[in-house]
Engineer: 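Sharing a structure with you now.
Since this is a predicted model, take the numbers as computed values, not measurements. These numbers come from the heavy atoms of this one structure, side chains and all, not from hydrogens, waters or symmetry mates. Atoms within each ligand, like the ligands themselves, are counted from 1 in listed order. One is the number of the first residue; the rest follow in order along the sequence.
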Amino acid sequence: MTELVEADAEGIERAAALIRAAGVVGMPTETVYGLAGDATSDEAVAAIFDAKGRPPHNPLIAHVLDLDAAIRLGRVDGRARMLAERFWPGPLTLVLPLRPEAGLARAMTAGLGTVAVRAPAHPVARALLAAVDRPLAAPSANRSGTLSPTRGQHVAQSLEGRVPLVLEGGNAQVGLESTIVDLTSSEAVILRPGAITAAALAEVLGFPVHHSEGRPDRPTAPGQLLRHYAPVHSLRLDATSCSPTEAWLGFGGDPPGPCAHRLDLSPDGVLEEAAAHLFAYLRRLDQLDVSCIAVAPIPEDGIGRAIRDRLVRAARG
Ligand code: TXA
Ligand code: MG
């Protein structure tokens, strides 16, 4: 049984008690919902991998309250400090050299010698971190390979019977997972695009930041190589037509033809709004009896790059 509870003080205390006992809970963050457990507990981390059906070679992000807590887990240099000071708490994950004395469960980092850390901004995630007072492992709270959850309800559906408690904290504001930037070499390399763009990172760092995508000579996040966001229906991207048997996922305009069903990610063509709606709308369209989901062209700029990244992966799945 999975219980969906309101993320008030009582709900947060119940979640904290479960985590202290090496259990797992669904928790809202500003990006997507996470499946949270004690990152220092082998038992809790094993329970996370098990509930998600996640391959063991795919490491987890350690969530912390602030830079001070991150410094205990990874080696923070001047670049990491500048980025954390500018973007934390928020949708940015830093990959750092792991401190051997960090005390994290071995499976957390999949033996990589590096650790991914993020300080989330969502008040419920922060309250839970403060109550538990240890780093939280929190992958997106979905079965491995499926769409990420942006409401507590999605978690309860995706992990029904696999997680005892889910905190309902409403719609995730950003709607896409955090930007992951690798700082373990002399460069800064984006392993997963998100709300914080290469340009925004470069402005703080004072040097160019590149994406690892399509560059075999650059590092990757193990998770980015896996099947992802797989909807039941096939997706047709950059669609400029729509047929009466298809569902239409639009961006700032009507479908170019008759369709079986339609949703618009952002009627006014605002990319941040489209990002916030993306996973929830794909879920809705996926439940319909249609031949395919036709997706309108999404501009590449700003968070558009991250939206397109998720769509391309979903289409591949
Ligand atoms: O926004 C987010 O980051 C959400 C919320 C819940 O915080 N979490 C999230 O976790 O998206 P997950 O597990 O779904 O994705 C984490 C990604 C995976 O692709 C994983 O391979 C990568 O981060 N990762 C974790 N540790 C890494 C490391 N040490 N080096 C490279 N990539 C790493
Ligand atoms: Mg995920």
Engineer: Before accepting this row, confirm whether a basic side-chain N of the pair R20/E13 lies closer than 4.0 Å to the acidic partner's carboxylate O.
Structural biologist: yes

Engineer: Take R262 and E246 through the test salt bridge (charged side-chain N to carboxylate O under 4.0 Å, His left out) and record every step on the way to the result.
Structural biologist: CA-CA 9 Å; R262 64 166 89 168; E246 290 179 328; over 6 Å; no

Engineer: Considering only non-hydrogen protein atoms, determine which one is nearest to atom 25 (C) of ligand 1 and report residue, atom name and distance to 0.1 Å.
Structural biologist: P59 O, 3.3 Å

Engineer: Is it true that R81 and D77 have a side-chain N and a carboxylate O under 4.0 angstrom from each other?
Structural biologist: no

Engineer: Among all protein heavy atoms in this structure, tell me which lies nearest to atom 9 (C) of ligand 1, with the distance rounded to 0.1 Å.
Structural biologist: S140 N, 3.7 Å

Engineer: With a 4.0 Å cut-off, would you call E213 and R192 a salt bridge?
Structural biologist: no

Engineer: Can you list the atoms of ligand 1 that are under 4.0 Å from a heavy atom of A138?
Structural biologist: 6 (C), 8 (N), 10 (O)

Engineer: What protein heavy atom lies closest to atom 18 (C) of ligand 1? Include the residue and the distance to one decimal.
Structural biologist: N58 OD1, 3.7 Å

Engineer: Can you list the atoms of ligand 1 that are under 4.0 Å from a heavy atom of A221?
Structural biologist: 19 (O), 21 (O), 22 (C), 31 (C), 32 (N)

Engineer: Heavy-atom count around Q157 CD within 6.0 Å, excluding the residue itself: above 12?
Structural biologist: yes

Engineer: Does a side-chain N-to-carboxylate-O contact under 4.0 Å join R118 and E30?
Structural biologist: yes

Engineer: Look at S140 and state whether any of its N, O or S atoms is less than 2.8 Å from the Mg ion (ligand 2).
Structural biologist: yes

Engineer: Look at atom 29 (N) of ligand 1 and say which protein heavy atom is nearest, naming residue and atom and giving the distance to 0.1 Å.
Structural biologist: T114 OG1, 2.9 Å

Engineer: At a non-hydrogen distance cut-off of under 4.0 Å, which region of R54 contacts ligand 1 (side chain, backbone, both, or neither)?
Structural biologist: side chain

Engineer: Around atom 15 (O) of ligand 1, find the nearest protein heavy atom and jot down its residue, atom name and distance.
Structural biologist: R192 NH1, 3.1 Å

Engineer: Considering only heavy atoms of Q224, which atoms of ligand 1 have at least one such atom less than 4.0 Å away?
Structural biologist: 19 (O)

Engineer: Could you check V124, L136, V166 and say which one makes a side-chain contact (heavy atoms from CB on, under 4.5 Å) with M27?
Structural biologist: L136

Engineer: Pull out every atom of ligand 1 sitting under 4.0 Å from any heavy atom of G34, numbered as shown with elements.
Structural biologist: 6 (C)

Engineer: Can you tell me if P120 has a non-hydrogen atom under 4.0 Å from ligand 1?
Structural biologist: no

Engineer: Identify the protein heavy atom lying closest to atom 3 (O) of ligand 1, giving its residue, its atom name and the separation to 0.1 Å.
Structural biologist: S178 OG, 2.6 Å

Engineer: Tell me the protein heavy atom at minimum distance from atom 5 (C) of ligand 1, and give that distance in Å.
Structural biologist: T31 OG1, 3.5 Å

Engineer: For L191, state whether at least one heavy atom is located under 4.0 Å from any atom of ligand 1.
Structural biologist: yes

Engineer: Are D238 and R308 ion-paired here, with the side-chain N under 4.0 Å from a carboxylate O?
Structural biologist: yes

Engineer: Quick check: does G223 get an N/O under 3.5 Å from an N/O on ligand 1?
Structural biologist: yes

Engineer: Looking at A116, which atoms of ligand 1 are within less than 4.0 Å of one of its heavy atoms?
Structural biologist: 25 (C), 26 (N), 27 (C), 29 (N)

Engineer: Does the side chain of E177 come under 3.5 Å of the side chain of S148 through a donor N or O and an acceptor N or O?
Structural biologist: yes

Engineer: What do you reckon, is CD of E85 surrounded by more than 12 foreign heavy atoms closer than 6.0 Å?
Structural biologist: yes

Engineer: For ligand 1, does V95 get within less than 4.0 Å through its side chain, its backbone, both, or neither, judged by non-hydrogen atoms?
Structural biologist: side chain

Engineer: Apply side-chain contact (heavy atoms from CB on, under 4.5 Å) to the pair V295 and I293, showing each step before the final yes or no.
Structural biologist: CA-CA 6 Å; V295 185; I293 301 171; 4.2 Å; yes

Engineer: Do other residues, nucleotides or ligands put more than 12 heavy atoms under 6.0 Å from E43 CD?
Structural biologist: no

Engineer: Just distances here: any N/O of T29 and N/O of ligand 1 closer than 3.5 Å?
Structural biologist: no

Engineer: Treating S158 as the side-chain partner and V155 as the backbone partner, does any N or O pair qualify as donor plus acceptor under 3.5 Å?
Structural biologist: no

Engineer: Under 4.0 Å from ligand 1, counting heavy atoms only, is it the side chain of I180, its backbone, both or neither?
Structural biologist: side chain

Engineer: Look at atom 7 (O) of ligand 1 and say which protein heavy atom is nearest, naming residue and atom and giving the distance to 0.1 Å.
Structural biologist: H63 NE2, 2.6 Å

